[in-house]
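For reference, the structure discussed in these notes is given below.
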Amino acid sequence: MARTEQVAVVTGASQGIGRGVAEALLADGHRVALVARRREPLEALAATHPDQALPIAADVSDPQAVDRIYEQVASQWGRVDVLFNNAGAFMASTETADVSYDDWRRVLGVNLDGAFLMARGAFRMMRGQDPAGGRIINNGSISAHAPRVNSVAYTTSKHAITGLTKSITLDGRAHDIACSQIDIGNAETPMTEPMKAGIPQPDGSMMREPVIDVAHVADAVRYIIDLPLEANVQFMTVMATKMPYLGRG
C-alpha cells in the first residue's frame, strides 16, 4: 500500500505516460502537481481529485516558468517528495543530415534542458525542506541504450538523461535525495499509435511493434516511491516483451 501524503510533481501530465502516472498517484492518495503546456486537460484531471491536485500550465524548457512551478508547489504544500520528470518532445523520423537545427533545439530543449531545470528545482526544494530529502525519477527510454533509425535528436537527449540521472544520484547522497531512471519501451500512448501500423526498422523493413499499457509504468513509479530513501532503484526497464530492443540494429 502506498504511503500517504507524499507531494509529487508530474510533468507531461496532460496525456500518455504522465497522465497515467498522475492518475495512479492521485488514486493512491498522494498530492500531485500536474504540469504540462495545455491547461484544459490538467484542469479536467484535477477536478476528479480537487483536494489533491494542483494543475500548472507551464513550459518546462523555460527557466522562469519552472521557478514558478516550484513557487506554486511550495505555496500550496510546503514541500516536494517526488518528481516524475516525464515531459518529452519528439520529431518525425529524419536522417541526421536533414534534421534542422530548430527541430534539434526543440527536442533537446524539452527532453534535456527541461529535465535538468525540473530536477534542479526539485533538488533545491528537497535539500532545503524539513525533513530534507526526496526522490527524482527521470523518464529515460529504450533509446537511452539503443537508437531507432533516423532519431538523432531524441536518442541524444535520452542518452544524456542517463548522465543526468547518475549525477543527481551522486550529488543527492548528502541530502537524502535519491534519483532513478525508468527506461520505457512502447507504452501505449498517442506517440506509439503508429507502431500498430508499422514503423521503420534498421534493415529498411516496416514492422508492427507490440505495446504495453501505461498502467505498468505507473506501477513501476508506485514501487519506487514506496521505498524508504535509504533504498533506490537506480535503473529500471519496463517494456513490451517482444518489442525490438536487444536485437535492435
V7 and H30: CA distance, side-chain angles, deciding distance, side-chain contact (heavy atoms from CB on, under 4.5 Å) verdict: CA-CA 6 Å; V7 175; H30 299 297; over 6 Å; no
Check against side-chain contact (heavy atoms from CB on, under 4.5 Å), V73 and R79: CA-CA 7 Å; V73 173; R79 64 179 295 113; over 6 Å; no
[X] side chain near [Y] side chain, heavy-atom distance below 4.5 Å:
X: I142; Y: K158; result: no
X: V233; Y: Y223; result: yes
X: M118; Y: I69; result: yes
X: R39; Y: L42; result: no
X: Y154; Y: S141; result: yes
X: L83; Y: Y70; result: yes
X: V211; Y: M243; result: no

Which value, rounded to the nearest 0.5 Å, describes the distance between [X] atom [atom1] and [Y] atom [atom2]?
X: N150; Y: E95; atom1: CG; atom2: CD; answer: 5.5 Å
X: Q15; Y: L45; atom1: CD; atom2: CG; answer: 12.5 Å
X: L170; Y: C179; atom1: CG; atom2: SG; answer: 11.0 Å
X: W77; Y: Q129; atom1: CH2; atom2: CD; answer: 13.5 Å
X: F116; Y: F123; atom1: CZ; atom2: CZ; answer: 11.0 Å
X: I182; Y: I161; atom1: CD1; atom2: CD1; answer: 13.0 Å

Which heavy atom of [X] sits nearest a heavy atom of [Y], and at what distance?
X: G134; Y: L229; answer: O-CD2, 3.4 Å
X: F84; Y: V221; answer: CE1-CG2, 4.0 Å
X: M236; Y: A220; answer: SD-CB, 3.4 Å

Residue among I56, V80, V32, L34 satisfying side-chain contact (heavy atoms from CB on, under 4.5 Å) with V9: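 Only one option passes, and that is V80.
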[X] (side chain) donor-acceptor with [Y] (main chain) under 3.5 angstrom:
X: S167; Y: L164; value: no
X: H159; Y: S143; value: yes
X: N111; Y: A89; value: yes

Residues V60, V110; criterion side-chain contact (heavy atoms from CB on, under 4.5 Å); working and verdict: CA-CA 7 Å; V60 298; V110 175; 4.3 Å; yes
Does any donor atom in the side chain of [X] or [Y] lie under 3.5 Å from an acceptor atom in the other side chain?
X: S180; Y: N232; value: yes
X: S100; Y: D102; value: no
X: Q181; Y: T162; value: yes
X: N86; Y: T11; value: no

Steps toward salt bridge (Lys or Arg N to Asp or Glu O under 4.0 Å) verdict (D176, R135): CA-CA 8 Å; D176 289 327; R135 195 176 293 278; over 6 Å; no
Salt-bridge present (D28, R222; N to O < 4.0 Å):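 The answer is yes: the pair qualifies as a salt bridge.
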Chi angles and distances behind the side-chain contact (heavy atoms from CB on, under 4.5 Å) call for T169, I177: CA-CA 7 Å; T169 297; I177 298 170; over 6 Å; no
